[in-house]
Amino acid sequence: MNEELSTPLWLMSPLAVLGGGLMLALVIGLVLQRFKVPKLYGAVVAGLLLGSAGAGVIDRALLTLFQELLNAAAALVLFEVGRKMDLAWLLRSGRQGGSLLLATLARCLAVTVTLRLLGLPWGSAIFIGSILIAVNPVIVNSMVADENASGTSTFATANMVGLSSLVALLVLAVTMAWTRSHGAGAAGTLGAFGEELMRQGGKLVLGAAIAGLSYGLYALATRLCKVPARMRPGLLLAALLIDLGLCSVTASSALLSLLLMGVLLRNVEKRDNVFQAQLQTAQDIGYVVLFLMSAALVDLQQLAQGWTLLAALTVFAVRIAATRIALWPATAWDRRKKHAMALSMCSLVSYGGLVVDNTLNAYTGLDAASTELMGALLALNVLLAPGLTWLGLRLAGETYRRGGDEQPAGQRQLGAEAHQ
């Protein structure tokens, strides 16, 4: 037999490997969905089979080839998160909005103190705590879409995802400036910290300015040309590409910029938006691809070490408990819904997923023990968070799986109340 034909040709094509992984994830997900298991676990199984824990076909080298694509997908997810943030509701809701903000700060404080008690240095504990403020939008959005969830707690959770991402980006800029100015080989002075803080803050400010510019171009183009509703998604997509491109060349915060683009579209744009309906399938596929990549990088050996697993489970539980305690002042949700919301907000993001750069979920500024614990947390997140988020949505009684379960009583009423 010819040696040139003995090698599987599809293994030589990174695009074919990615396509094969996506197909496997979708097929497994659809099979699991028949047994009422969250479809996102198809990406988990496919990632574990093809990633570093399995065949090793999908590795960091392959993901690097698609880094720009993954960056764009992650940023577009944040755009969708921003599009679901209702600033008017957050400002007028009183205790409800305040409890969501309190929950973001409580998670940071609780996780930081817990990590310090577990033996991590203060610098690493604060840095990881600032990352774990955010709720993973891929998991929440995917579970909400699969279960067709809607209602008061689902609405609040969607706002919480956006609020937590915004707070995490702001806090991370400060902690990152401190870490980089006091790390190995750094000056470690107050002046060095101020200089690094200005640099990190400049990225956020520039990202916000680019968001304003891109949205302004979209609004101007659609109004001057009196673009019909069916054509506006194309112009919006063009504006998003402009935003991503400008953020890339200026090294500004793409996630903050796209998040603010979504916020502007939701809270400033008064016309009907059909962007979501036309791109729902593409977004669902994007969720699967991003989670497939996360699962492919999971190292199950980190969970085999007793101390690391116990520490990761402790941090996971403390984070959920902090969220639940912070929701106590709110009066709009009963005890069961507060329990449900705390579970729905359990998922976490990685450093690479939060800042969108070439780190691929790793940050070399952390010490070995901190890096190992963060890896274990990300592994637990892939394995546990989709199921806990799904359980939280079900516990709230706000799910209706299309073509399957009966719609809960009062579903339409809950959905209406969420927007009051």
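None of these values were measured; they are calculated from a predicted model.
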Let me confirm one number: the [atom1]-[atom2] distance from [X] to [Y], rounded to the nearest 0.5 Å.
{"X": "Leu327", "Y": "Trp333", "atom1": "CG", "atom2": "CH2", "answer": "6.0 Å"}
{"X": "Asn159", "Y": "Leu100", "atom1": "CG", "atom2": "CG", "answer": "7.0 Å"}
{"X": "Thr112", "Y": "Ile126", "atom1": "OG1", "atom2": "CD1", "answer": "6.0 Å"}
{"X": "Leu240", "Y": "Leu265", "atom1": "CG", "atom2": "CG", "answer": "8.5 Å"}
{"X": "Leu377", "Y": "Leu132", "atom1": "CG", "atom2": "CG", "answer": "6.0 Å"}
{"X": "Met345", "Y": "Arg324", "atom1": "CE", "atom2": "CZ", "answer": "11.0 Å"}

Find out whether [X] and [Y] are in side-chain contact, i.e. whether some heavy atom of one side chain is under 4.5 Å from a heavy atom of the other.
{"X": "Arg107", "Y": "Leu348", "result": "no"}
{"X": "Leu40", "Y": "Val44", "result": "no"}
{"X": "Tyr287", "Y": "Glu80", "result": "yes"}
{"X": "Leu115", "Y": "Trp122", "result": "no"}
{"X": "Val349", "Y": "Val138", "result": "no"}
{"X": "Ser370", "Y": "Ile128", "result": "yes"}
{"X": "Trp390", "Y": "Ser344", "result": "no"}

Please find the pair of heavy atoms, one from [X] and one from [Y], that lie closest to each other, and give the distance.
{"X": "Met261", "Y": "Ala211", "result": "SD-O, 3.4 Å"}
{"X": "Tyr215", "Y": "Leu264", "result": "CB-CD1, 3.8 Å"}
{"X": "Lys203", "Y": "Ser252", "result": "O-CB, 3.5 Å"}
{"X": "Gln96", "Y": "Ala332", "result": "OE1-N, 3.2 Å"}
{"X": "Tyr41", "Y": "Leu383", "result": "OH-O, 2.7 Å"}
{"X": "Val382", "Y": "Ala295", "result": "CG1-CB, 3.9 Å"}

Has [X] got a side-chain atom pairing as donor or acceptor with [Y]'s backbone, closer than 3.5 angstrom?
{"X": "Arg319", "Y": "Val111", "result": "no"}
{"X": "Lys39", "Y": "Leu32", "result": "no"}
{"X": "Thr323", "Y": "Ala342", "result": "no"}
{"X": "Arg336", "Y": "Leu395", "result": "yes"}
{"X": "Ser257", "Y": "Gly207", "result": "yes"}
{"X": "Lys338", "Y": "Ala330", "result": "yes"}
{"X": "Ser165", "Y": "Val161", "result": "yes"}
{"X": "Thr104", "Y": "Leu101", "result": "yes"}
{"X": "Asp243", "Y": "Ala239", "result": "no"}

Quiz item: Can a donor-acceptor pair be found between the side chains of Ser153 and Glu398 at a distance below 3.5 Å?
Solution: yes
Quiz item: Between Ser347 and Val140, is a side-chain contact (heavy atoms from CB on, under 4.5 Å) present by the stated rule, with each step listed?
Solution: CA-CA 8 Å; Ser347 56; Val140 173; 4.1 Å; yes
Quiz item: side-chain contact (heavy atoms from CB on, under 4.5 Å) between Val57 and Leu49: does it pass, once the steps are laid out?
Solution: CA-CA 9 Å; Val57 177; Leu49 290 176; over 6 Å; no
Self-check item: Full working for side-chain contact (heavy atoms from CB on, under 4.5 Å) between Thr389 and Leu343
Solution: CA-CA 6 Å; Thr389 303; Leu343 285 178; over 6 Å; no
Would you mind writing out the side-chain donor-acceptor pairs for residues 307-314 within the sub-3.5 Å range, not counting sequence neighbours?
| unit_1 | atom_1 | unit_2 | atom_2 | d |
| --- | --- | --- | --- | --- |
| Thr308 | OG1 | Glu372 | OE2 | 2.7 |
| Thr314 | OG1 | Leu310 | O | 2.7 |

Quiz prompt | From CA spacing to verdict: side-chain contact (heavy atoms from CB on, under 4.5 Å), Phe316, Asn381 | solution = CA-CA 9 Å; Phe316 226 88; Asn381 184 64; 4.2 Å; yes
Practice problem: In sequence, state the C-alpha distance, the side-chain angles, and the governing distance for Trp178 and Phe127, and then conclude on ring pair (Phe, Tyr, Trp, His ring centres under 6.0 Å). | Solution: CA-CA 9 Å; Trp178 178 266; Phe127 186 79; over 10 Å; no
